[in-house]
Amino acid sequence: MMITVTGGSASGKSEFAEKLLYKMPGIHYYVATMHKDTDNETMERIRRHLKMREGKGFLTIEQETNLSGIVIEKESSVMVECMSNLLANEMYINHNEAASSEILKQVEMLKEKCKNLIIVTNEVSSDGMEYDEFSMKYIENMGAINAGLGKMSDYVVESVYSIPVFLKGTKGRYDIENTKFL
């Protein structure tokens, strides 16, 4: 099963995705894509996410690029946090301005390796605004990735003010306590 969890910045998407992962069967892998060589604000966000995961038994894999290089157990449950960081890393570190198709292939490969896959992604758009060429390329790639994730996912959930809103896969909601969709 594949679930994509999306939403704006600080919308509660990571917390919801972690609750889903925690209740899923098998070994729990948390794939962190944040680039570590960064500013104080980003490091504080990383510390906050580490604290959120504390005591949940997640095995963390630091993977800034190349999701296809991840080695996991077959019947495991995996959460990737998050696509916007992964894309930024591919574009800024690896200088790959057309990264969306490669990232989607890597997600497909990862999906084949595990029982359950949760992908966390961000809503980004230019809202008609004009940015520099590289930023516009990032927005274009992010849109292509999110559209591709939506197509390959069994469920798509948008976190709106920490409320999960199901966009694909169910007309109900997810019962976290009993790990099932209603």
Side-chain angles (χ1 to χ4, degrees), residues 2-21 29-36 38-53 58 60-67 70 78-94 96-108 110-111 117-169 174:
M2 181 173 164
I3 303 169
T4 295
V5 180
T6 188
S9 179
S11 65
K13 63 189 172 291
S14 297
E15 182 179 1
F16 177 73
E18 285 182 19
K19 285 179 183 177
L20 290 175
L21 179 63
Y29 292 101
Y30 187 110
V31 179
T33 62
M34 181 69 75
H35 181 61
K36 295 269 190 280
T38 189
D39 59 36
N40 288 338
E41 182 181 331
T42 303
M43 293 309 294
E44 180 54 38
R45 177 178 247 166
I46 290 170
R47 282 190 285 279
R48 188 176 78 244
H49 279 245
L50 285 169
K51 187 166 178 62
M52 283 172 52
R53 294 194 307 261
F58 297 153
T60 300
I61 299 172
E62 303 288 342
Q63 194 79 20
E64 295 179 7
T65 61
N66 188 23
L67 290 179
I70 294 173
V78 178
M79 176 180 156
V80 177
E81 168 75 39
C82 85
M83 285 293 111
S84 59
N85 293 329
L86 184 70
L87 174 61
N89 296 341
E90 288 290 350
M91 289 182 70
Y92 294 101
I93 296 170
N94 290 343
N96 181 359
E97 289 189 29
S100 58
S101 60
E102 181 61 33
I103 287 172
L104 288 170
K105 287 178 195 169
Q106 292 172 14
V107 169
E108 191 66 46
L110 183 57
K111 182 180 176 184
L117 177 60
I118 302 168
I119 301 287
V120 178
T121 190
N122 282 314
E123 287 298 317
V124 295
S125 71
S126 64
D127 292 330
M129 304 238 348
E130 285 296 318
Y131 297 98
D132 64 87
E133 184 179 342
F134 199 76
S135 296
M136 292 303 291
K137 193 64 162 165
Y138 175 85
I139 291 167
E140 180 184 308
N141 273 291
M142 198 71 248
I145 289 169
N146 286 344
L149 292 173
K151 287 177 185 173
M152 73 173 76
S153 293
D154 300 296
Y155 301 93
V156 177
V157 183
E158 181 179 9
S159 184
V160 181
Y161 309 119
S162 295
I163 300 166
V165 177
F166 288 81
L167 305 175
K168 178 182 178 184
Y174 189 78

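Residues: numbered from 1 along the sequence shown.
Rounding to the nearest 0.5 angstrom, the gap separating the CG atom in Leu110 from the CD1 atom in Ile119 is 6.5 Å. Residue Glu130 holds its CD atom at 11.0 Å from OG of Ser135, rounded to the nearest 0.5 Å. Atoms CD and CD, from Glu81 and Gln63 in turn, are 14.5 Å apart once rounded to the nearest 0.5 Å. Rounding to the nearest 0.5 Å gives a distance of 11.0 Å between OG of Ser14 and CD1 of Ile118. To the nearest 0.5 Å, atoms CG (Asn96) and CD1 (Ile103) are separated by 7.5 Å. The structure places CD1 of Ile3 at 9.5 Å from CG of Leu21, a figure rounded to the nearest 0.5 Å.
Ring pair Tyr138/Tyr92 is tilted by interplanar angle, where 30° to 60° counts as tilted.
In summary, the side chains of Glu15 and Ser162 do not present any donor paired with an acceptor at a separation below 3.5 Å, with no hydrogens or angles considered. No hydrogens or angles considered: nothing links the side chains of Thr65 and Asn89 as a donor-acceptor pair under 3.5 Å.
With contacts defined as side-chain heavy-atom distances shorter than 4.5 Å, the pair Glu90/Gln106 qualifies. For the pair Met152 and Thr4, the minimum side-chain heavy-atom distance is 4.5 Å or more. Val107 has its side chain within reach of Leu117: a pair of non-hydrogen atoms, C-beta onward, lies under 4.5 Å apart.
Listed for the Lys111 side chain is no donor-acceptor partner under 3.5 Å among the backbone atoms of Ser153. The main-chain N or O of Tyr161 is never found under 3.5 Å from a side-chain atom of Ser11 such that the two would form a donor-acceptor pair. With Ser100 contributing its side chain and Ile145 its backbone, the two residues share no donor-acceptor pair below 3.5 Å. Distance alone, capped at 3.5 Å, places no donor-acceptor pair between the Lys13 side chain and the Glu158 backbone.
Closest approach of Ala144 and Leu104 over heavy atoms only: O-CD1, 3.8 Å. Contact detail for Glu18 and Tyr30: the closest heavy-atom pair is OE2-CE1, 3.4 Å. Smallest separation of non-hydrogen atoms from Ala99 and Leu87: CB-CD1, 3.8 Å.
When the options Asn122, Thr121, Asn141 are evaluated for a side chain to side chain donor-acceptor pair (under 3.5 Å) with Asn146, the one that passes is Thr121.
By the 6.0 Å contact criterion, NZ on Lys168 is enclosed, its count of non-hydrogen atoms from other residues, nucleotides or ligands being greater than 12.
In this structure Lys105 satisfies the side-chain hydrogen bond (donor to acceptor under 3.5 Å, both in side chains) test with no other residue, sequence neighbours excluded. For Lys137, the salt bridge (charged side-chain N to carboxylate O under 4.0 Å, His left out) test picks out Glu140, with sequence neighbours left out.
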**Message:** Walk me through whether Leu67 and Met83 qualify under side-chain contact (heavy atoms from CB on, under 4.5 Å).
**Reply:** CA-CA 10 Å; Leu67 290 179; Met83 285 293 111; 3.9 Å; yes
